[in-house]
Every structure is written in C-alpha cells, then in structure tokens.
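Remember, predicted model here, so these are calculated numbers, not experimental data. Reminder, nothing fancy here: chain letters follow the sequence lines and each chain counts from 1.
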Protein chains: 2
Amino acid sequence: MVERISDAEHEIMEVLWQKAPLTATEVADRVADAKGWSLQTVKTLLSRLAAKAVIGTERDGRRFQYSPLVERDAYLAGVSRKFVDRLFGGKVTPLVAHLAEADELSDDDIREIEELLRELKA
Amino acid sequence: MVERISDAEHEIMEVLWQKAPLTATEVADRVADAKGWSLQTVKTLLSRLAAKAVIGTERDGRRFQYSPLVERDAYLAGVSRKFVDRLFGGKVTPLVAHLAEADELSDDDIREIEELLRELKA
DNA sequence: CATCACTGACTACACATGTAGTTTCATTGA
DNA sequence: TCAATGAAACTACATGTGTAGTCAGTGATG
C-alpha cells in the first residue's frame with residue numbers, strides 16, 4: 001500500500017518521476033514556474049515525502065539527492081483503483097460511461113479507446 | 001464550481017443521493033453498517049455539508065430534513081475532471097489505458113465499454 | 001405541569017496539508 | 001583562519017478533516 005500523497009506532494013513527485021535524482025534546489029527550480037512555491041516549501045514537501053518513504057535520499061556532500069522509491073505506474077494504479085472504487089463502485093465501465101455522457105470524450109478519444117481495446121483483446 | 005467534499009462527507013452524500021430527504025438519525029442508520037460512525041459524527045458531517053450549501057435543510061418540527069442540492073452526476077463530473085486532469089494530463093485515454101494494463105479490465109468490461117462506445121457514435 | 005428524551009448548536013482535539021520562517025551546521029573563497 | 005553562503009533541520013501556523021462530547025431547548029408523556 002503506497003502511502004497517501006497529497007496534491008502538493010504529487011507535484012513534486014511528477015518532477016522526480018520525470019528526472020531523478022535531483023537536489024531540493026533543482027526540484028524547486030522545476031516547479032517554480034507552475035506553482036511558484038518557495039524553496040522552503042519544496043524542502044518541506046520533500047521531507048514529508050521522504051518521511052513516508054515515497055522518495056529516497058542519498059547524501060551528496062552537504063546536500064541530498066532525491067529519487068522516487070515508488071513507480072509512477074504503481075502509484076497511478078493505486079490511486080485510480082481507489083478513485084474508481086469510491087466513485088463508481090469499483091467498475092470502470094460506469095466511469096467511462098460517465099465521462100462519455102459528460103462530453104468529456106471527443107470522437108478522437110473514442111476512436112483511440114476503441115483501438116486500445118482492440119489491441120487488448122489480441 | 002461545486003465545493004470540495006471530503007471522503008467522509010462523500011459517504012453521507014451517497015446516502016442522500018440514494019434517498020432524500022432524510023433526517024440526521026435516518027442518515028446515521030444508513031451509514032452505521034458501513035462506517036460505524038456515531039450519530040454525532042454524522043450530524044457534524046451534515047452540518048459541514050449544509051454550511052457548504054451542498055445539501056439543503058428543511059425544518060420539520062424539531063428536526064431537519066436534509067436533501068442534496070448538488071446532483072450526483074454534476075459532482076462526479078467535476079471530480080472526474082479534476083482527477084483526470086491531475087493524473088493523466090486531462091486525457092481520458094491514458095486513464096483507460098492504464099486501467100487496462102493494470103488488469104483492472106476484465107474481458108467482460110472490455111466488451112461492455114466497446115458496446116457503450118458503439119452506442120455513443122450512433 | 002414537570003420531566004425526560006431527542007435534536008440541533010456549539011465545542012473539542014489530534015492529525016494532515018499548504019505554505020513558509022528561523023536556526024544551525026558545514027563548506028568554500030578570501 | 002574566518003566570514004559568508006548555502007543546505008538541511010526544526011519550528012510555525014492557519015485551515016481542513018475525522019471523530020466525537022457537551023449543552024441547551026423543545027416537544028412528548030405521565
């Protein structure tokens with residue numbers, strides 16, 4: 001069971017999933033544009049993630065290199081599962097149905113998904 | 001924009017979406033099995049939901065009748081959108097792909113979704 | 001009419017989260 | 001060697017959340 005990751009922490013994870021290891025400053029630089037967090041905030045989030053053992057730290061002189069300990073796929077799988085369980089009774093079909101009805105699916109999306117499903121069966 | 005509903009609050013909403021209006025005691029009875037919350041806890045959650053104007057109250061003698069003010073579909077749409085945005089860059093296809101790869105989709109699911117998509121195009 | 005039970009209102013409290021400020025320690029350049 | 005700099009560690013603090021306890025009022029009941 002992957003520990004719960006908050007929204008802000010998730011932003012940090014995305015950065016580390018894209019490239020790792022990174023130092024706190026490097027992570028801060030990479031989220032600065034999108035979120036405008038201070039370096040301190042980023043450090044706090046990194047500490048919390050490390051405390052949860054979701055990322056690992058490796059000492060590099062006087063600073064740390066941070067790397068994910070959880071695969072993005074594994075994390076997404078867990079979160080998706082929880083989401084589908086909680087809101088759609090664990091069934092994916094109603095979710096897709098819902099997205100479709102809410103016009104969240106373009107014709108292109110539909111074609112893509114059909115293609116995907118065709119491959120799955122093969 | 002529908003106010004943020006917490007996990008515990010969501011449980012209450014599911015009950016009210018199933019049947020409304022209900023009194024606090026009736027709601028408590030209906031969640032008791034699943035969650036084992038005390039009546040007081042349920043009342044607190046109802047108050048918070050009412051404060052957010054997600055449910056409405058109607059005085060009925062000395063007690064209240066509670067009813068949802070937000071449609072389940074509207075709520076699901078909002079939450080789904082946020083979820084897909086945050087984790088899958090707003091694209092539904094990767095979500096479905098992910099669930100598929102994570103073996104969350106049975107053959108029956110796949111058939112159901114294909115059927116659904118066929119209808120959508122018609 | 002007096003009392004009791006039930007109901008909403010108010011209060012509580014620990015932990016999570018978003019968002020930092022402050023302190024301390026080590027490194028490095030002068 | 002000593003001061004400045006940069007990094008982690010520690011502290012802070014308001015708000016949200018889960019989970020309830022207590023209080024006060026009102027309608028029902030004997």
What's the [atom1]-[atom2] distance between [X] and [N], to the nearest Å?
X: Glu3(B); N: dT15(D); atom1: CD; atom2: C1'; result: 13 Å
X: Leu45(A); N: dT17(C); atom1: CG; atom2: P; result: 11 Å
X: Leu46(B); N: dC10(C); atom1: CG; atom2: P; result: 16 Å
X: His10(B); N: dT19(D); atom1: NE2; atom2: P; result: 16 Å
X: Leu49(A); N: dA8(D); atom1: CG; atom2: C1'; result: 16 Å
X: Leu22(B); N: dG8(C); atom1: CG; atom2: P; result: 12 Å
X: Ile55(A); N: dA8(D); atom1: CD1; atom2: C1'; result: 13 Å
X: Arg59(B); N: dT7(C); atom1: CZ; atom2: P; result: 13 Å

Can you identify which nucleotide, out of [options], has its nearest atom closest to the [X] side chain?
X: Thr25(B); options: dT7(C), dG18(C), dA8(D); value: dT7(C)
X: Ala8(A); options: dA9(D), dG18(C), dA20(C); value: dG18(C)
X: Asp7(B); options: dG6(D), dA9(D), dG18(D); value: dG18(D)
X: Trp37(B); options: dG8(C), dT17(C), dT19(D); value: dT19(D)
X: Lys43(B); options: dT19(C), dG8(C), dA28(D); value: dG8(C)

Practice task
Looking at every strand, decide which applies to Thr44(A) at a 4.0 Å heavy-atom threshold: base, sugar-phosphate, or nothing.
Solution key: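 Base contact.
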Exercise for the section: Answer with base, sugar-phosphate or nothing: what part of the nucleic acid does Lys35(B) contact at a heavy-atom distance below 4.0 Å? Expected result: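 It contacts nothing in the nucleic acid.
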Between the base of [N] and the side chain of [X], is there a donor and acceptor pair under 3.5 angstrom?
X: Arg63(B); N: dG27(D); value: no
X: Arg48(B); N: dT19(D); value: yes
X: Gln40(B); N: dA12(C); value: no

Practice task
By nearest nucleotide on DNA chain D, pick out whichever of Ser47(A) and Ile5(B) is the more 5' one.
Solution key: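 Here Ser47(A) is the residue nearer the 5' end.
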SB check [X] [Y] (cutoff 4.0 Å):
X: Glu14(B); Y: Arg72(B); result: yes
X: Arg118(B); Y: Glu115(B); result: yes
X: Lys82(B); Y: Asp85(B); result: no

Practice task
Indicate whether OP1 or OP2 belonging to dG21(C) is found under 4.0 Å from a side-chain N or O atom of Ser38(A).
Solution key: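 So the side chain of Ser38(A) is outside the cut-off, no N or O lying under 4.0 Å from OP1 or OP2 of dG21(C).
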Problem - Arg4(A) side chain near dT17(C) phosphate (N/O to OP1/OP2, under 4.0 Å) - result: yes
Handout entry: Point-to-point distance, once rounded to the nearest 0.5 Å, from CD1 of Ile5(A) to CZ of Arg48(A)
Key =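 Going from CD1 on Ile5(A) over to CZ on Arg48(A), the span is 14.0 Å.
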Exercise for the section: With rounding to the nearest 0.5 Å, note down the distance linking CG in Leu49(A) to CG in Leu69(A). Expected result: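 Output value for this atom pair is 10.0 Å.
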Handout entry: 5' priority, DNA chain C, between Thr41(A) and Gln65(B) [closest heavy atom]
Key =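 Looking at DNA chain C, the more 5' nearest nucleotide goes with Gln65(B).
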Handout entry: Over 12 foreign heavy atoms within 6.0 Å of CD, Glu58(A)
Key = no
